[in-house]
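Keep in mind that this is a model prediction, so the values were computed, not measured. Ligands are counted one by one from 1 in listed order, and the atoms in each one are counted from 1 as well.
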Amino acid sequence: MRRSVLLVCLGNICRSPLAEAALRREVDRLQLDVGIDSAGTDDWHVGRPPDRRAIAVALKNGMDISQFRARHVRAEDFQSFDYIVALDADNLAYLTKIRPENGKAELSLLLDHVTGREGQPVADPYYGHEDEFDVTWSDVTAGAQALARKIASM
Ligand code: 4NP
């Protein structure tokens, strides 16, 4: 059965595109049938490509995200996706607030799927140093691997 996952951060230019790339890679590796997209809880960067530092760290890890374009999360996403996965608690709180009553998507935090890291955020690297994007990549990869394993075992 085809499952679908939407990854959500604030701007959809740093963390969630990287989480999308990491999950795409993992799903390919495990040969799973999973639809994947990402979105932002804010609309500042709608239509823009990922942050250049995110593009660089993804490329360093073998993934080209330069064609991704930011979009705003929308109410229909709660019908279209099975899982909506937030990168931090603020994103999760926003999603909980806008969730329509008939929304079917199951909400979680990405690192909830990683044993021992439940409740932890993937820290926002936007105002940080370039090196922080390596930490982001490592965090989203841990989350993506755990999430893909869960989906595979369902
Ligand atoms: P993201 O990072 O939520 O991981 O895409 C951010 C991107 C942009 C801004 C903040 C965080 N901003 O303030 O514009």
Does only the side chain of Asn12 get under 4.0 Å from ligand 1, or the backbone, or both, or neither? Count heavy atoms.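 Only the backbone of Asn12 comes within reach of ligand 1.
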
What part of Asp124 sits under 4.0 Å from ligand 1 if we count only heavy atoms: the side chain, the backbone, both or neither?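 Near ligand 1, Asp124 shows its side chain, while the N, CA, C and O stay back.
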
Heteroatom proximity flag, [X] to ligand 1, N/O under 3.5 Å:
X      : value
Ser16  : no
Ile13  : yes
Pro125 : no
Trp44  : no

Tell me the protein heavy atom at minimum distance from [atom], and give that distance in Å.
atom                    : value
atom 10 (C) of ligand 1 : Tyr126 CD2, 3.6 Å
atom 8 (C) of ligand 1  : His45 NE2, 3.4 Å
atom 1 (P) of ligand 1  : Cys9 SG, 3.5 Å
atom 13 (O) of ligand 1 : Tyr127 OH, 3.0 Å

Look at atom NZ of Lys104 and say whether more than 12 heavy atoms of other residues, nucleotides or ligands are closer to it than 6.0 Å.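 Result for NZ/Lys104: enclosed.
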
More than 12 non-hydrogen atoms from neighbouring residues, nucleotides or ligands closer than 6.0 Å to CD on Gln79, yes or no?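 Yes, enclosed.
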
How far does CG of Leu92 sit from CD1 of Ile84, to the nearest 0.5 angstrom?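 Reported to 0.5 Å precision, the distance equals 10.5 Å.
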
Measuring from Arg25:CZ to Glu20:CD, what's the distance to the nearest 0.5 Å?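 One finds 14.0 Å between CZ of Arg25 and CD of Glu20.
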
With respect to Trp137, which candidate in Asp134, Asp139, Thr141 satisfies the side-chain hydrogen bond (donor to acceptor under 3.5 Å, both in side chains) definition?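 Exactly one pass, corresponding to Thr141.
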
Mark up the atoms of ligand 1 that fall under 4.0 Å of a heavy atom belonging to Cys14, in ascending order.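 What qualifies from ligand 1 is 1 (P), 2 (O), 4 (O), 5 (O).
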
Output the list of atoms in ligand 1 that are nearer than 4.0 Å to some heavy atom of Gly11, sorted by atom number.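 Within the 4.0 Å cut-off of Gly11, ligand 1 contributes 1 (P), 3 (O), 5 (O).
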
Report whether Phe133 and Val140 are members of the same hydrophobic cluster (ILVMFWY, side-chain heavy atoms less than 4.5 Å apart, transitive linking).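 As far as the 4.5 Å side-chain criterion goes, Val140 and Phe133 are connected within one cluster.
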
Does a side chain donor of either Asp112 or Ser108 reach within less than 3.5 Å of an acceptor in the other side chain?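 Looking only at side-chain atoms, Ser108 and Asp112 do not form any donor-acceptor pair under 3.5 Å.
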
For the pair Arg15 (side chain) and Val122 (backbone), establish whether a donor and an acceptor sit closer than 3.5 Å, ignoring hydrogens and angles.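 Between the backbone of Val122 and the side chain of Arg15 there is a qualifying donor-acceptor contact (under 3.5 Å).
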
